[in-house]
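Just so you know, residue 1 is the first one in the sequence shown, and it goes up from there. Both counts, for ligands and for their atoms, begin at 1 and track the order of listing. Fair warning: this is a prediction, and the values are worked out from it, not measured in the lab.
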Amino acid sequence: MVTIKAIIFDLDNTLYNEKEYIFSGFRKVAEYLVNKYGFSFQEIYDILVTDFEKGLRGKNFDELLNKIGIKEDIEVLITVYRTHYPQIKLFNDAQYILDYLYSMGIKLGLITDGPPASQYNKIMALGLRKYFDVIIVTDELGVNYRKPHPKPYLLVLKILNVKPQESIFVSDSDQKDLAGAKAIGMWTVLVDRYNTYKKSLYADYVVNNLLELRKIIKEIGV
Ligand SMILES: [Mg+2]
């Protein structure tokens, strides 16, 4: 019999909707340009949102500057975006399950890739500190240790003092996050909120909703 002692979560799109973060950052960048150049907020913000919704990724600020005909340092806009304190909130089921797991005394860990300044602002804005026994922002270990590298997973388990088979990794990313967790022998749960996966390669369980974790913990435990 296995008892689940720890659950490790991914952050972006697992506990909250990353699109909310992106749009929150777009608002800050728009405010910055409005203050500096006197554009209308709505004009700038609408360009950013429209381009994003059309699928543009990575060159969004370059494209914006092209469209409004301004020469501005891209790095400054990226810094405004990455260091902003976001207006975001947990998914309802994420809020519920964190309260539930915390009250059950299950150890909780978080492993997240991404710029540390951004990730810590998200963690603060979502009020996650109080739930998690350990939070790893992988870029602080070195950029080569992003998921699925085994290092952050092994580090979390060591800090929590639990074995891989006593732990579950929960994420919206099969190929990256769950691949790494599976490779070291953790249980894996894929959060497929919008039924986008045809099949999963690394998930022991696929769920639409984090509330299903309650049942999974019991299932593994018998
Ligand atoms: Mg994610």
Is the NZ atom of K59 crowded by more than 12 outside heavy atoms at less than 6.0 Å?
no

Restricting to pairs with a member in residues 70-81, which pass side chain to side chain donor-acceptor pair (under 3.5 Å), not counting sequence neighbours?
K36-E72, Y37-E72

N, O or S from D10 under 2.8 Å to the Mg ion (ligand 1):
yes

Restricting to N, O or S atoms of D12, which is nearest to the Mg ion (ligand 1)?
O

Looking at D172, which of its N, O or S atoms is the nearest one to the Mg ion (ligand 1)?
OD1

Does a side-chain N-to-carboxylate-O contact under 4.0 Å join K67 and D51?
yes

Donor on one side chain, acceptor on other, T112 and Q119, under 3.5 Å
yes

